[in-house]
Amino acid sequence: MAIKINNVLTRKKEVFEPVEEGVVRMYICGVTVYGRCHVGHLRCYLSFDAIIRYLKYRGYDVTYVRNFTDIDDKIINRAKEITQGPEGSWRSLPAYESYDACQWSERLAEDEKILQRAKGQDRHLAEVVADHFIDVFRDEDFAPFELIPAQVEPRVSQHIPQVIALIESIIEKGFGYEVGGDVYFDVPAYHAASASYGKLSGRDYTQLVEGARVAPTDKKRFGADFALWKKSGEGEPAWSSPWGQGRPGWHIECSAMSLDKLGAPFDIHGGGKDLIFPHHENEIAQSEAGTEKKFCNYWMHNGFVTVDGVKMSKSLGNFISIKDALGIAPPEVWRLLVLSTHYAHPIDFSRTKAAQTASVACETVRGNIDIAYDRLEYFYETLRRADEIVAGEEVGEEAACMEEPRALELLGRFTEAMDDDFNTAKALAVLGDGMKLVNELCDLKAKQVKKLPGGRPSWIATLAKLTCDLREGFGALGLLRCDPAGALTACREFAARCSCVDVSAVEAKIAERERAREEKDWARSDALRDELVAMGIELRDSSTGTDWRVIR
RNA sequence: GGCGCCGUCGCCAAGUGGUAAGGCAGAGGUCUGCAAAACCUCCAUCACCAGUUCGAAUCUGGUCGGCGCCUCCA
């Protein structure tokens, strides 16, 4: 069985054949570090995290590179804004129109932090801005999600020689030209020689020019040409080059660093769909122009996160920051939610759409986050009850599993789903079936267990195998890696905090109800339960006691 | 204007030629002091029209609706 990948480059689903057998070299476009990340970024890195985990699960030795673009106009602009201070005219820019008081307060606090960090450092403020947001990315935004760390996280600022060498090679081959300190990639010349510009995005470069906005100061020969190197302006960060003081253009850094870390061709290049053009198209052109080798074999792009059907983006102001996301649900809930949809399809986070379209049913329509939250708890609860049954039991090696196809074929079906272009949605459905089976088995009475072929030892063996396989499958997606009891407590505490539930008051009422129940005072017991329901608490009585959870 | 994607049950969501996975909600049931949970059963012919085919949600053409890229963007 082989893994199949929907290759954006060929627009076909293809059998994955790495350059070197058993090894996967992949490059995922990282972020430009000029601000905080939002759920759109989260979706991208969670989707690719599951893909990387699965490739490892399938036995591949994965070399994964994810860059930080730490030189860019937006970073320089941010530095300029910080320099101007809170009274600067930048605050009236259109980009900030939608800012509310809360966002402003966060923004200014962040600027202050960056200024503090810059004190005593003899560096350009833009570099400090980049450092700051790299730290935010690693230590704040993404740390809770436990992504598989990239082997290398290259920064452009540390790869200027590689960038320059690649640009020189492009110029040497006749596909780049210098104009007054800027260097441009010559799209028409390259296309004339290779007939390949536009092969990823399916664009005809001659038609691009008509729609392209060419700024009056542009020195490029052709509208579709793009900057490989930019001459630095006054007070901007600059590096020495054969073309004078300047900095790399956007696109070239990913080519230079991926070629440096992975060589050409490497296996998989990924990123958001919005990067297909121009970013990835230009990466291919300049890399293949400079190296005369194929750049990358498989291109994968994740779908957008949308809000009310519209792409989530900073410029539209319709984004949920990762910081806010972590206040809505725990990291693992977000992971489950993201993986519930195929990586290439859009995910919509609107909570208003349902209310608009289904006026009758709006009260019963629940947010996807809440559903994912419940589902995660269901998974952990299922594992917990199975663990309790299996714990302390001798799982005899000789005890055969029950002839239960749903148990025996679980991982096979999981692998089949994932092999087909990493269909995490389907894979989760398969694993969900396994969870249902675990509950079914746990529900059996001792008498029924006795009657099973193989009896109790076989029942235990089956439960042990199932939970082990489920952990393996979910684990290959980065899910259910925690101890169930601990995870459930954390889930409940999180929900209690969100709903401002007074945990000690809840537990006091539960204790009181326990006493009423011991005295078989059902009226009192039920009254207490009603009070708890009014507090947003649902009870679950069992033979071992009363558990509770926050109603969502 | 150019290129491209999408439209599957009330909601979410798999499914690229062989007769519609899964989740939520809903109905009925088993279990339970009651309830919850868990489990069982039920619940769609795939925006529309016209073709290709023995056979189409899946292919082709058209219509309508939504979105994306072409400027920064995961």
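Here is the naming used below: chain letters follow the sequence lines, and residue numbers restart at 1 for every chain. Keep in mind that what you see is a predicted model, and the values were worked out from it rather than measured.
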Between [atom2] of [N] and [atom1] of [X], the distance in whole Å:
X	N	atom1	atom2	answer
A/Ile347	B/A74	CD1	C1'	12 Å
A/Asp348	B/G68	CG	C1'	14 Å
A/Asp370	B/G23	CG	C1'	14 Å
A/Asn282	B/C70	CG	P	12 Å
A/Leu336	B/C12	CG	P	17 Å
A/Glu519	B/G33	CD	C1'	15 Å
A/Leu539	B/A36	CG	C1'	8 Å
A/Leu200	B/C69	CG	P	16 Å

Would you call [X]-[Y] a salt bridge at under 4.0 Å N-O?
X	Y	value
A/Asp526	A/Arg513	no
A/Glu416	A/Lys426	no
A/Arg384	A/Glu377	no
A/Asp182	A/Lys219	yes
A/Arg529	A/Glu538	no
A/Arg78	A/Asp73	no
A/Asp521	A/Arg515	no
A/Lys509	A/Glu507	no
A/Asp49	A/Arg335	yes
A/Glu81	A/Arg91	no
A/Asp70	A/Arg155	yes

- Could you note down all residue pairs passing salt bridge (charged side-chain N to carboxylate O under 4.0 Å, His left out) where residues 431-444 of chain A supplies at least one of them, sequence neighbours left out? A/Arg385-A/Asp443, A/Arg406-A/Glu440, A/Arg413-A/Asp433
Tell me whether the NZ or CZ atom of [X] lies within the 45° cone about the ring axis of [Y] and under 6.0 Å from its centre.
X	Y	result
A/Arg492	A/Trp548	yes
A/Lys314	A/Phe319	no
A/Arg66	A/Tyr45	yes
A/Arg221	A/Tyr184	no
A/Arg203	A/Phe277	yes

Might you list the N or O atoms of the protein lying below 3.5 Å from N or O atoms in nucleotides 38-42 of chain B, with each pair's distance?
| unit_1 | atom_1 | unit_2 | atom_2 | d |
| --- | --- | --- | --- | --- |
| B/A38 | O3' | A/Asn439 | ND2 | 3.3 |
| B/A38 | O2' | A/Arg385 | NH1 | 3.4 |
| B/A38 | O2' | A/Asp443 | OD2 | 2.7 |
| B/C39 | OP1 | A/Tyr378 | OH | 2.5 |
| B/C39 | OP1 | A/Asn439 | ND2 | 3.4 |
| B/C39 | O4' | A/Asp443 | OD2 | 3.2 |

Under 4.0 angstrom, heavy atoms only, what part of the nucleic acid is [X] near: base, sugar-phosphate, or nothing?
X	result
A/Lys74	sugar-phosphate
A/Leu275	sugar-phosphate
A/His279	nothing
A/Gly198	nothing
A/Val305	base

Expected output is a numbered-order residue list: members of [range] with a heavy atom under 4.0 Å from any atom of RNA chain B. What is it?
range	result
residues 409-423 of chain A	A/Asn423
residues 27-38 of chain A	A/Gly30, A/Val31, A/His38
residues 524-535 of chain A	A/Ser525, A/Asp526, A/Arg529

Counting only Watson-Crick or G-U wobble pairs whose two distances fall under 3.5 Å, which nucleotide matches [N]?
N	value
B/C31	none
B/U45	none
B/C5	B/G66
B/G51	B/C59
B/A25	none

Taking the [atom1] atom in each of [N] and [M], what is the distance between them to the nearest angstrom?
N	M	atom1	result
B/C6	B/A25	P	30 Å
B/A14	B/A57	C1'	12 Å
B/A38	B/A50	P	46 Å
B/G28	B/C43	P	16 Å
B/U58	B/U8	C1'	11 Å
B/A47	B/C11	P	13 Å
B/A56	B/C49	P	15 Å

- Message: Of the options B/C34, B/A74, B/A14, whose atoms approach the side-chain atoms of A/Asp541 most closely?
- Response: B/C34
- Note on the structure: Against the side chain of A/Lys311, the closest entry in B/A13, B/A74, B/A36 is B/A74
- Between A/His41 and A/Pro278, which has a closest nucleotide on RNA chain B that is more 5'? A/Pro278
- Please figure out whether A/Asp374 or A/His342 has its closest RNA chain B nucleotide nearer the 5' end. A/His342
At a cut-off of 3.5 Å, list every protein nitrogen or oxygen paired with a nitrogen or oxygen from nucleotides 2-6 of chain B, distance to 0.1 Å.
| unit_1 | atom_1 | unit_2 | atom_2 | d |
| --- | --- | --- | --- | --- |
| B/G2 | O2' | A/Gln207 | OE1 | 2.6 |
| B/G2 | N2 | A/Arg203 | NH1 | 3.0 |

- Item | Donor-acceptor pair, side chain of A/Ser196 and main chain of A/Lys199, under 3.5 angstrom | no
- Message: Quick check against the 3.5 Å criterion: does A/Asp421 have a side-chain atom that pairs as donor or acceptor with the backbone of A/Asn6?
- Response: yes
- Are OP1 or OP2 of B/C34 and a side-chain N or O of A/Lys520 less than 4.0 angstrom apart? no
- Task: May I ask you to verify if any side-chain N or O of A/His301 is less than 4.0 angstrom from the OP1 or OP2 atom of B/G68?
- Result: no
- Could you tell me whether the side-chain ring of A/Phe304 sits stacked on the base of B/A74, using a centroid cut-off under 5.5 Å and a plane angle under 30°? no
- Between the side chains of A/Thr69 and A/Asp72, is a donor N or O closer than 3.5 angstrom to an acceptor N or O? no
